[in-house]
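Following: one structure in structure tokens, then a few remarks.
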Amino acid sequence: ANLYRRQGSKFWWVKFKGRDGSIRRESTGMRYAVPAETRKAQEIRANKALEEFKAAPSDGAQWDNWVRVYLRSRYERSALTLERYMTSWRTLELFLAQHEIRTPAQLLREHCFKYIEWRGQRHDGVRPARRNTALLETKILSLVCKEAVQRGYIPFNPCGGLGLKKVAPKVKPELTESDLEMVEETIRREPEPLQTLLLNSWLIARWQGCRITETLFDPQDDVDIARSKDGSESWTIRFRAKGGRDHIAPVAPKLMPLIRSLRESGARATYSLEAARRTALSSVWQRFLHRTGLSDKIPGITFHCLRVTAATRMARANVPEAKAMRLLGHASSTVHRAYQRLRHDDLDVCFSAMEGRPPSSTSASS
């Protein structure tokens, strides 16, 4: 369907294909000289285009015929992202099937809003999810619909610009030394192979300050060793950071024993997700914290608290922000500062500075 101007007429006309396949032309009744009416004419054209797509044969556009192949091809180099998206798509498929939405052309904007409510309820094989999880899954649906537009299955993305806002997440706390020791002791009481999965991901994130998705890497290919002329070695890890970009950081001294052990054993991964029965690692950790009672003993604890703790400790030790951001892989200082949980007593050094006195050794080392 398209708009055009007809000689001798002050209105926009729309050309489209009727249900019987014939080409039809109609006046929109909207004047092309008036901007507001031009926008309404464009809406009429969009509705006509949608009717065309709904009337056209659409067997090839059915979700089953292309979505999974598309997701695999797009995220084949990011196993954890692919796993998360495929899990979300299985849930979306259930919703689409229950509402008899077999093709992108049958999906309406109102279905996206219905999904938020639907996702908070229990369904066969699907546990209820919170609003932020539902919003993430609608973003995945929107990503799929963008591809459907590119393939010519629909004229526009019905999931775009929904204006839905997330619920403000709870502030993740900094973990104390006793908290860290408690978690590690609890992990060591877990049976194998779950213990290795939990312990290795925990140690990597604790000493490197990295994200949970970055704790899984190949110790052989993603760890580089550079030797200088004097025989000293420099070990670095190449992380797969957000957006598919690489983030390279030196190996933390406390992490060296684990990395050496993994390399010497010939391990091709820091741990195996098979131990978690192909479940996302964040879900494995969430269940572990609840099952062992750590969530009650350490209020607000999540795996991501390790990253908060790393950022806070570096800020407290006056590590230059640029260096801390480089280590953690933060591209934005705004995001980096949001991870810091400085206490009021950390600010005593500010008064020393204002008085022109050097900070005390206690403040400098705290």
Side-chain angles (χ1 to χ4, degrees), residues 71-91 129-130 132-137 139-140 143 166 169-170 172 175 183 187 193-224 236-252 255 258-259 262 267-290 301-311 324-332 335-336 338-339:
L71 291 176
R72 288 193 187 98
S73 63
R74 175 162 179 156
Y75 298 106
E76 61 181 351
R77 297 188 61 186
S78 182
L80 291 176
T81 300
L82 175 60
E83 183 179 11
R84 176 71 180 91
Y85 278 29
M86 294 295 275
T87 300
S88 296
W89 181 249
R90 286 195 290 271
T91 304
R130 296 179 180 177
N132 287 356
T133 298
L135 291 180
L136 173 61
E137 290 168 352
K139 285 187 176 181
I140 295 172
L143 175 73
K166 290 183 177 181
K170 295 180 180 178
K172 300 174 181 65
L175 300 180
V183 174
I187 291 174
L194 180 60
Q195 181 186 127
T196 296
L197 182 149
L198 294 170
L199 185 59
N200 287 9
S201 59
W202 173 264
L203 292 175
I204 293 168
R206 176 178 180 180
W207 299 120
Q208 292 289 152
C210 59
R211 303 174 180 89
I212 191 169
T213 55
E214 295 172 340
T215 61
L216 179 61
F217 55 85
D218 187 334
Q220 312 302 327
D221 292 343
D222 293 329
V223 176
D224 295 322
T236 57
I237 302 176
R238 182 172 59 255
F239 295 106
R240 298 290 185 269
K242 283 187 174 181
R245 60 184 175 84
D246 286 348
H247 163 57
I248 299 175
V251 178
L255 197 60
L258 174 61
I259 299 299
L262 290 170
R268 303 299 307 192
T270 48
Y271 51 82
S272 173
L273 278 180
E274 292 295 329
R277 298 181 182 176
R278 299 185 181 277
T279 304
L281 182 58
S282 57
S283 298
V284 175
W285 265 97
Q286 185 178 20
R287 289 200 298 270
F288 164 73
L289 293 172
H290 283 287
I301 185 175
T302 67
F303 188 90
H304 210 61
C305 288
L306 288 172
R307 194 161 167 83
V308 169
T309 302
M325 288 176 60
R326 174 68 185 274
L327 179 65
L328 298 181
H330 279 152
S332 165
V335 172
H336 180 70
Y339 277 77

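Numbers here simply count residues along the sequence, with the first being 1.
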[X] side chain near [Y] side chain, heavy-atom distance below 4.5 Å:
X	Y	answer
Phe239	Ile248	no
Val251	Thr236	no
Leu197	Leu281	yes
Leu135	Lys139	no
Leu198	Leu194	yes
Tyr75	Leu71	yes

Using atom types as modelled and distance alone, determine if a side-chain donor or acceptor of [X] lies under 3.5 Å from a backbone N or O of [Y].
X	Y	answer
Gln208	Ala252	yes
Thr309	Leu175	yes
His247	Leu327	yes
Glu214	Arg211	yes
Arg307	Leu328	yes
Thr215	Ala205	no

For [X] versus [Y], what's the shortest heavy-atom pair and its separation?
X	Y	answer
Ala269	Pro219	N-CD, 3.5 Å
Asn200	Leu258	OD1-CD1, 3.7 Å
Thr196	Tyr271	O-CB, 4.4 Å
Ile187	Gln195	O-CG, 3.4 Å

Go through it in stages, so that I can follow the logic: the residues are Asp224 and Arg238, the test is side chain to side chain contact (heavy atoms under 4.5 Å, CB included), and I'd like the CA-CA distance, side-chain angles, deciding distance and then a yes or no. CA-CA 8 Å; Asp224 295 322; Arg238 182 172 59 255; 3.4 Å; yes

Any chance you could measure [X], atom [atom1], to [Y], atom [atom2], to the nearest 0.5 Å?
X	Y	atom1	atom2	answer
Leu216	Ser201	CG	OG	9.5 Å
Cys210	Ile237	SG	CD1	7.5 Å
Trp89	Leu143	CH2	CG	10.0 Å
Leu199	Thr270	CG	OG1	11.5 Å

For atom CD of Gln220, is the number of surrounding heavy atoms from other residues, nucleotides or ligands below 6.0 Å larger than 12? yes

For atom CZ of Arg268, is the number of surrounding heavy atoms from other residues, nucleotides or ligands below 6.0 Å larger than 12?
yes

| message | Which label fits His330 and Tyr339: parallel for a plane angle under 30°, tilted from 30 to 60°, or perpendicular past 60°? | response | tilted

**Asked** Given the rule in the side chain to side chain contact (heavy atoms under 4.5 Å, CB included) test, do Val183 and Ile301 qualify, once you have shown the distances and angles that lead to the verdict?
**Response** CA-CA 10 Å; Val183 174; Ile301 185 175; 3.8 Å; yes

Yes or no on side chain to side chain donor-acceptor pair (under 3.5 Å) for Trp285 and Thr302, after CA distance, side-chain angles and deciding distance?
CA-CA 8 Å; Trp285 265 97; Thr302 67; over 6 Å; no

Between the side chains of Arg84 and Ser88, does any donor sit under 3.5 Å from an acceptor? yes

